[in-house]
Amino acid sequence: MENQAQQKLPNSTGTLVLGICSIVASCCYGIVGLICGIVALMISKEANKLLRENPDGYSDAGNHKAGRVCAIIGVSLSALYIILILVYIAILGIAFADLPSYNNY
């Protein structure tokens with residue numbers, strides 16, 4: 001068995017940082033978390049391809065995988081939060097539309 005030096009996987013730390021930020025920022029009306037999560041998934045696409053070609057050749061594959069999982073969770077939480085806000089606005093709109101008008105001058 002040959003001992004090959006393992007390389008650092010490109011953008012693995014960035015993926016992890018953005019994935020964690022997407023979870024943390026998902027409560028900021030969902031927009032910031034959604035952006036961070038999507039960016040994390042986009043920059044990890046090339047690293048994911050490299051990792052599939054040579055799974056044992058990289059030293060920090062765990063950071064990459066954890067970052068992708070965090071990004072997926074962050075995107076899901078952000079999307080749910082955005083949907084919750086839209087439903088809340090729709091309910092308020094329906095409730096305020098039924099109020100009587102008091103435009104008596």
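Small disclaimer: the values here were computed from a predicted structure and weren't measured.
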### Query
What pairs meet the side-chain hydrogen bond (donor to acceptor under 3.5 Å, both in side chains) rule with one or both residues in residues 55-78, with sequence neighbours excluded?
S12-D60, S44-R68
### Message
Are V75 and L84 linked, directly or through intermediate hydrophobic residues, by side-chain heavy-atom contacts shorter than 4.5 Å (ILVMFWY only)?
### Response
no
### Side-chain hydrophobic cluster, 4.5 Å single linkage: members besides I23
V69, I73, L77
### Query
At what distance, to the nearest 0.5 angstrom, does CG of L34 lie from CD1 of I82?
5.0 Å
### Message
Test: side-chain hydrogen bond (donor to acceptor under 3.5 Å, both in side chains). Region: residues 19-36. Which pairs qualify, not counting sequence neighbours?
### Response
none
### Query
According to a 4.5 Å side-chain heavy-atom criterion applied to Ile, Leu, Val, Met, Phe, Trp and Tyr, with indirect links allowed, do V32 and I38 form part of one hydrophobic cluster?
no
### Co-members of V24 in a cluster of I, L, V, M, F, W and Y side chains, linked at under 4.5 Å
L16, I20
## Note on the structure
The complete set of salt bridge (charged side-chain N to carboxylate O under 4.0 Å, His left out) pairs with one or both residues in residues 27-52, sequence neighbours excluded, reads none
### Query
Just how far is it from atom OG1 of T15 to atom CD1 of I43, taken to the nearest 0.5 Å?
4.0 Å
### Task
Look at the side-chain heavy atoms of Ile, Leu, Val, Met, Phe, Trp and Tyr, link any pair under 4.5 Å apart, and say whether I89 and Y81 land in one connected group.
yes
## Note on the structure
Joining Ile, Leu, Val, Met, Phe, Trp and Tyr whenever any side-chain heavy atoms lie under 4.5 Å apart, the cluster holding I94 also takes in none
### Query
Does one hydrophobic cluster hold both Y88 and F96, with members joined at side-chain heavy-atom distances below 4.5 Å?
yes
